Amino acid sequence: MSAISRLAIGALALSFALPAAAQTKIDFFFPVPVEGKLAREMTRLVKSYNESQKEVEVTAVYTGGYDDTKLKAQAAAKAGKPPAVVLMSANFNVDLKLSGDIQSLEPMLKADGTTRDAFLADFWPALHANAMVDGELYSVPFHNSTPLLYYNVDHFKEAGLDPAKPPRTWAELVDAAKKLTKRDGDKVERYGFTMPAGYDYLGWLMEALTLSNGGRYFNEEYGGEVYYDTASMLGAARFLEDLIFKHKVMAQGVVEAGGVSTSFFAGKASMMLLSTGSLSFIRENMKAPYEVAFVPKNVRNAVPIGGASLVMFNGQSEDSKKAGWKFIKWLSSADTLGGWSRFTGYFSPRKSAYDTAEMKAFIAKNPDTKVALEQLPYAKPWFATYQTVAVRKALEDEIQAMMNGKKKPDVALKDAQKKADELMRPYVEQTALKLPR
Amino acid sequence: MSLAGTTGILEGVDQEPVVVPRRRPWRRSYLPYALLAPSLLFLGLFTYLPVIRVIVESLYDHPHGTGAVAATFVGLGNYTKVLADPAFRQAALNNLVYALGTLIPTLALALAFALAVQRSSRFSAVLRTVFFFPSLVPLVAAASLFFFIFLPGIGLLDYYLAKIGVRGPNWLGDSDIALWSVIGLTVWKNAGYYMLFYIAGLQNIPRDTIEAALIDGANAWQRLRYVILPALLPTTSFVVVIALINLLTSVDHVIVLTRGGPSNATNLLLYYIFQAAHENFEVGKAAAATLLSVVVLLAISLASMRIMSRGSHHEA
């Protein structure tokens, strides 16, 4: 709040100081998924951009979490004042393109005399699919994450495990989790493994487990297909069920992300799956020594991407389109992305951001960042379909029922598939099943 | 109805000054409306227009992202879709359980608190503050507090349960228990507020009826059952209406704690409407669900008002 008012005062001062005629004013909506510190940093970035040049003046508007940002941007668009640039959760792009809210960035590439391939060449390959919808560029990646295995070093030593050798496969994970779980009769004093299973997080982690099991989760090229009722996801679901009910190394029912990190801090859980985006948060709050490792695999190493990208809303004047694109290019430059990455713990989507001396020094000082970075070549696109949220929830509701012992994995996945197919049917009928008469 | 009533009052006022010329009767009939115009304008813009828009939207379908630009008129199609949606039915059922499960203990506690602190003394003033305190905490803040109270294994609740050798369940993550945890939080939050109404109601009971009962040899329970409770009927029906409306219109704690999960176990109607409108691009369905819940609210309010007026006749 104070950051915004300070910014408003800054903007006011700026508008007196500079000739107003030559300037294009645009709005930039941004969410902050973790904490207020990031909002201040973003406000500082925008201020330094405004001071660095005279053609564009950006007003940064902090719009809450990812979901709120989508809501507010759409509400502003409906009210006739669409924001020029929005930092949007990367898997909303398909839906926003289909609802006509965001515009293709291809015309801007053309005006710059560049091609999509040339533009995307410096971005990690795993990010390309989420940046595009139906083969056209719709968003520019800004900060990204993958799931990561965090583990408590003291607990490992205490259980006779080598902290230098974290579990790399599902079998090793079960084995370690069994040794780490502390029981007192029927009661469990400490769980070997935990992961967030609230809405949003669970879908992402189910994608991680399915990918690690050789699966795909969704059709990366087409928004009307998900692969819930498949062997690879069935294996992932059964694995989760076994961790809870067979091996009893994970608590029954759903624990939200806040509960997962708190129990890790409190030493009540020894290993957890959590986003790399939480690295800074864990680093600051974890008292005991911890390490991070790749998400263990069953068939292959693979994790989904998460994070946010910059999009442009429809309904802009030519001037504000140009101004917005100019701002996007500055925000997604290697320097800005590198600085933001060091500040937040997210990845920089640009490979070249890691070539700078500052970045190399930072990684040498924070080796956990290095592990997260090494996992990146194994990353895959984040699921994004028609009705992304509802289609994801169709799976999550069923998996949550399974985690509460109410459903068996095979039934749960069949029901999830049925629900998801129903949700996507209007789109499928208008696209893949719409044939020439 | 209220408008006609107001006109009557204003007419009465209007007849007093003689300066009003009889030749201009329009002035008499239009002046009240002119005076009401500013509030009518705002009421119209921010209350009735949105209501009409919701009614209209509930009759149209805007298919998301299928290439269809214009909305198509579907009549009652959205209503049948909503009523057939298992998630809506579960939200409605959850809301019923939530409403009853919250209302009964809240009223009982509010009455018990009020009876305990109705006499003015320094001690009861302190107690009143203590009981009232939870209503001062915003619902979002209360929910954020309870997130940590409910944490399985390490939360405050489990910490104290462990002291007496009980291991608590996964309060918010077990689909059989989550709704009851939300109910518990709501009772904690609301009981102190409704206590205020009961204190006011108790102070309105004529002392002589209670004294008469005392002289007749009625014990404490008999006084409560046959004198105090009947006299509190209007208060109770008023509190019931207020509480029910509150229970249908606030879901802040659900958003903070569970977002309707696990498996929709804590999904309430208002949050279902939010999901349909803002997550799933289904405006028509959201509008239909809104109207359905408003109709239920209206029915409850009307029924309670009838009981309330009957109660006051009884008292007279």
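Quick note on labels: first sequence line is chain A, next is B, and so on, each numbered from 1. As the structure is a computational prediction, the values presented were derived from the model and not from experiment.
- Residue-environment remark: OH (B:Y193) stays at or below the threshold of 12 foreign heavy atoms within 6.0 Å.
- A 6.0 Å sphere centred on CZ of A:F245 holds more than 12 heavy atoms belonging to other residues, nucleotides or ligands.
- Screening A:E396, A:Q400, A:E398 for a side chain to side chain contact (heavy atoms under 4.5 Å, CB included) involving B:S263 leaves a single residue, A:Q400.
- The interface of residues 260-272 of chain A with chain B, defined by heavy-atom distances below 4.5 Å, comprises A:T262, A:S263, A:A266, A:K268.
- Interface residue A:Q74: only side-chain heavy atoms are found under 4.5 Å from chain B.
- For the pair B:P262 and A:M403, the minimum side-chain heavy-atom distance is 4.5 Å or more.
- Ranked by heavy-atom pairs under 4.5 Å with chain B, the list A:G100, A:G258, A:A197, A:A251 is led by A:G258.
- Here the side chain of A:N404 pairs a donor or acceptor atom with the backbone of B:G173 at under 3.5 angstrom.
- Heavy atoms from other residues, nucleotides or ligands lying under 6.0 Å from CZ of B:F73 number more than 12.
- In this structure, the portion of A:V188 lying under 4.5 Å from any heavy atom of chain B is its backbone and not its side chain.
- For chain B, no part of A:K434 is nearby; none of its heavy atoms comes within less than 4.5 Å.
- For the atom pair CD (A:E256) and CG (B:L172), the distance works out to 8.0 Å, reported to the nearest 0.5 Å.
- Minimum interatomic distance between B:N264 and A:Y199 (heavy atoms only, all atoms of both residues): N-OH, 3.1 Å.
- Proximity of B:R259 to A:K393: side-chain heavy atoms (C-beta onward) are nowhere separated by under 4.5 Å.
- Checked against ring pair (Phe, Tyr, Trp, His ring centres under 6.0 Å), B:F146 has the following partners two or more places apart in sequence or in another chain: B:F150, B:W188.
- Contacts between A:Y191 and chain B at a heavy-atom distance below 4.5 Å involve the side chain alone, from C-beta outward.
- Counting only heavy atoms from C-beta outward, the side chains of A:V389 and B:F281 never approach each other to under 4.5 Å.
- Contacts between residues 163-171 of chain B and chain A, counted as heavy-atom pairs separated by less than 4.5 Å, involve B:R167, B:N170.
- The environment of A:E221 atom CD is sparse: at most 12 non-hydrogen atoms of other residues, nucleotides or ligands sit within 6.0 angstrom.
- Of residues 244-257 of chain B, those residues lying under 4.5 Å from chain A by any heavy-atom pair are B:L257.
- Judged by distance alone, the side chains of B:H64 and A:D95 do bring a donor and an acceptor atom under 3.5 Å apart.
- No side-chain heavy atom of B:H278 sits under 4.5 Å from any side-chain heavy atom of A:K70.
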